[in-house]
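In what follows, every chain begins at residue 1, and chains take the letters A, B, ... in the order their sequences are listed.
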2 protein chains.
Amino acid sequence: MVPGKRIPVAAGYSAIVTADASSTRRPVTLSDVARLAGVSQSTASRVINGSAKRVDNRSRTLVLDAARELGYTPNLAAQAVARGASRTIALITSSVADAYFAAMTAAIMRAAEEVGLRVSLAVSDRRLDRELELVRELRGQQPRAIILAGTGYLDAPADRALETELARYQETGGRVVLISRSDMPFETVDFDNYDGAHRLAVELAGRGYRTPLVLGSAAPLRSMQERVDGFIAGFASAGVDIPAERVHHPEFSWQGAHSLLHGFDRDELAAADLVFAISDDVALGALASLRERGIAVPQELGVAGFDDITTLRDVVPKLTTVHVPLDEVAREAVHRATASPNELRRNVIPTRPMLRESTPQR
Amino acid sequence: MVPGKRIPVAAGYSAIVTADASSTRRPVTLSDVARLAGVSQSTASRVINGSAKRVDNRSRTLVLDAARELGYTPNLAAQAVARGASRTIALITSSVADAYFAAMTAAIMRAAEEVGLRVSLAVSDRRLDRELELVRELRGQQPRAIILAGTGYLDAPADRALETELARYQETGGRVVLISRSDMPFETVDFDNYDGAHRLAVELAGRGYRTPLVLGSAAPLRSMQERVDGFIAGFASAGVDIPAERVHHPEFSWQGAHSLLHGFDRDELAAADLVFAISDDVALGALASLRERGIAVPQELGVAGFDDITTLRDVVPKLTTVHVPLDEVAREAVHRATASPNELRRNVIPTRPMLRESTPQR
DNA sequence: TTGTAAGCGTTATCAA
DNA sequence: TTGATAACGCTTACAA
């Protein structure tokens, strides 16, 4: 006899063969509760998970007591099967170790909790194939919605497959919400990458900066390209042209910026008066490199980033950046994920430049 | 007729009344696949999710093709119900915004992915009642295991309830794994808080420090108390006594340390030559405060933390700390969560002091 | 190797 | 207000 194997038993119930008498009890089910309470399973169901309160007070107490006594927890999977829907939203994010995405994840979990939804989290590690895999997998959990908080690529071969998969999911009643990526035709919560970078650039030009070095991303991420474009346009609007050779595209990470700057010779750096990076993480990599090379920030070179991650509170000098209101973004995303289709709007959440010590008046 | 309402239809199948012809299709089910492939549902099941490969190649291709054509995804909830178990492990963590816990979460997700398990994440925000609530809720997902990576309290009233709930879960075949908290009688993955702090203290004493200020935690967290104890014992073993009045217990956070240090008068600080905090986060809060008050680190005062979070790469001066090998911890935790009960061991994962710029030779 | 049929723990319909 | 009973989508004996 295999332990754990179910064997039929007299009354239509079943029992479990345990390897060790005390070790594996069968989980308490709703019918156990009903039996103990002396009511039908339907009544028990109504009391415990039912929306309608069309149930007698006497039975209600009976059931509740029984449930408490047995330590009953509803089997969510069974509920999902029976109801044909779960109270879960699936979140696909690029990373959790990274400060920006960790904050985003936290914000979304908070927002979801507020409306009584669970979040099932999956991390794509910025790999497109993995993203597709995850959507397939998550679809199996029948979530109410799938939120993609990754970074959308400008053009990517795998995206067609991803799009089809998401479209299919949507056809069966699911909702798809994209955060900061409009590479696919779904609900999108966007914040103004372009405008934030633009305004930052205008402010910096106003502070006297004239020869910025721009650090973009080797990976063709749409939102990141917008930041680069906005920044360049901002300087242009102040009459300062940023030549293409001063725009670089290191690998999109702390490391990427760090190595890139290590490769520059002093003259190259001396010719610049500012480093603008498309994210704080990248900016910090650049800053570290400058520090290691003995280049004084902000005296010799200003540095600015984008995102306004919490980590900045521990960095000297205080980094100039563009603030992204993640809580607002998250709340909006969760709202879109749950709102009825007709009350949808397409607003862009504003960001705002935060001028700090790392870019003093020149 | 209510849209989405199921109505019985001729052949024993059912159809959906859609609000708008194209909008809501019924999700593709295994029986759809079977029908298209012209085989029975059991054969389809065997092909797609079956362990045994006792199925003809012809049927196999038929089923696979049908599945692809329809874009079938197995309904995980239904699978879980039918199998009586899911391929999920539930992780309850204190936070995700925090660098330490974000890294821990990332590590656990990675480790789980390696063994083909999904992670269902829940955040307790360090609230004990919330922890209990989450265990109840997660239990409903019938996860293979529940991992608690929070910070265990030394003595807490709610813990009895939590313990009962977890015990119940375990009785029904689940596994409970605690990380860095031995406040309850379950599998525990521990790292040597005491020893790491002890060794750090010995090293620092060797570097000439004599009058350390210790920042513990107002919340009575076991692992944190171990760090304090280890540190004090380490200094004691080097012949240096740390009087109780130099051991403080601010709120366990960056903010807590920051405010505490702001409250000290200069003499109090001048009397010390080192600040040891039980976590890097706390240490950074202290560091920020010192910086704001114009006290030079490490010239006037050394600073040391614990955890070795990634953020430290961006902090000047490089912070002395104790390295916690999270990947190892995570892998061990996931292993315990999945291993068969008899191959369990109870080892403590070593940590090691990292002496850096913030605590130079005195 | 395949299909039939009986489960899994719920919810929802319908008649009482 | 209640209880049978039929779903929900899937797995798994057991028999063919």
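Ion pairing between Glu332(A) and Arg336(A) holds under the 4.0 Å rule for side-chain N and carboxylate O. In summary, Asp32(A) and Arg26(A) engage in a salt bridge, as defined by a charged side-chain N under 4.0 Å from a carboxylate O. For the pair Glu163(A) and Arg160(A), the salt-bridge criterion is met [side-chain N within less than 4.0 Å of a carboxylate O].
A straight line from CD of Gln141(A) to P of dC8(D) spans 22 Å, rounded to a whole angstrom. The distance between atom CG of Asn49(B) and atom C1' of dG9(D), rounded to the nearest whole Å, is 11 Å. If you measure from atom CZ of Arg87(A) to atom P of dT10(C), you get 18 Å, rounded to the nearest angstrom.
For Arg130(B), the salt bridge (charged side-chain N to carboxylate O under 4.0 Å, His left out) test picks out Glu113(A), Glu133(B), with sequence neighbours left out.
Contact check of residues 66-86 of chain B against DNA chain D (heavy atom, cut-off under 4.0 Å) returns Tyr72(B), Pro74(B), Asn75(B), Ala78(B), Gln79(B), Val81(B), Ala82(B), Arg83(B).
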N/O contacts under 3.5 Å, protein versus nucleotides 4-6 of chain D?
{"unit_1": "dA4(D)", "atom_1": "N6", "unit_2": "Ser42(A)", "atom_2": "OG", "d": "3.0"}

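Side-chain atoms of Ser120(A) and Gln141(A) form a donor-acceptor pair, as typed in the model, at a separation below 3.5 Å. Side chain to side chain, Thr43(B) and Ser40(B) meet the donor-acceptor criterion of an N or O pair below 3.5 Å.
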All N/O donor-acceptor pairs, side-chain side in residues 61-69 of chain B, below 3.5 Å, sequence neighbours left out:
{"unit_1": "Thr61(B)", "atom_1": "OG1", "unit_2": "Asn57(B)", "atom_2": "O", "d": "2.5"}
{"unit_1": "Thr61(B)", "atom_1": "OG1", "unit_2": "Arg58(B)", "atom_2": "O", "d": "3.4"}

Pair up each side-chain donor or acceptor in residues 71-78 of chain B with any protein partner under 3.5 Å, not counting sequence neighbours, and list the distances.
{"unit_1": "Thr73(B)", "atom_1": "OG1", "unit_2": "Arg139(A)", "atom_2": "NH2", "d": "3.1"}
{"unit_1": "Asn75(B)", "atom_1": "OD1", "unit_2": "Ala77(B)", "atom_2": "N", "d": "2.9"}
{"unit_1": "Asn75(B)", "atom_1": "OD1", "unit_2": "Ala78(B)", "atom_2": "N", "d": "3.0"}

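Note on Ser31(B): every side-chain N or O is 4.0 Å or more away from OP1 and OP2 of dC10(D).
One axis for each end of the helix from dT1(C)-dA16(D) to dA16(C)-dT1(D), each built from five base pairs, and the angle between them comes to 30° at 10° resolution.
Comparing Thr43(B) and Ser45(A) against DNA chain C, the residue whose closest nucleotide sits nearer the 5' end is Thr43(B).
Of the possible polar contacts, one joining the Thr105(B) side chain to the Phe101(B) backbone as a donor-acceptor pair under 3.5 Å is found.
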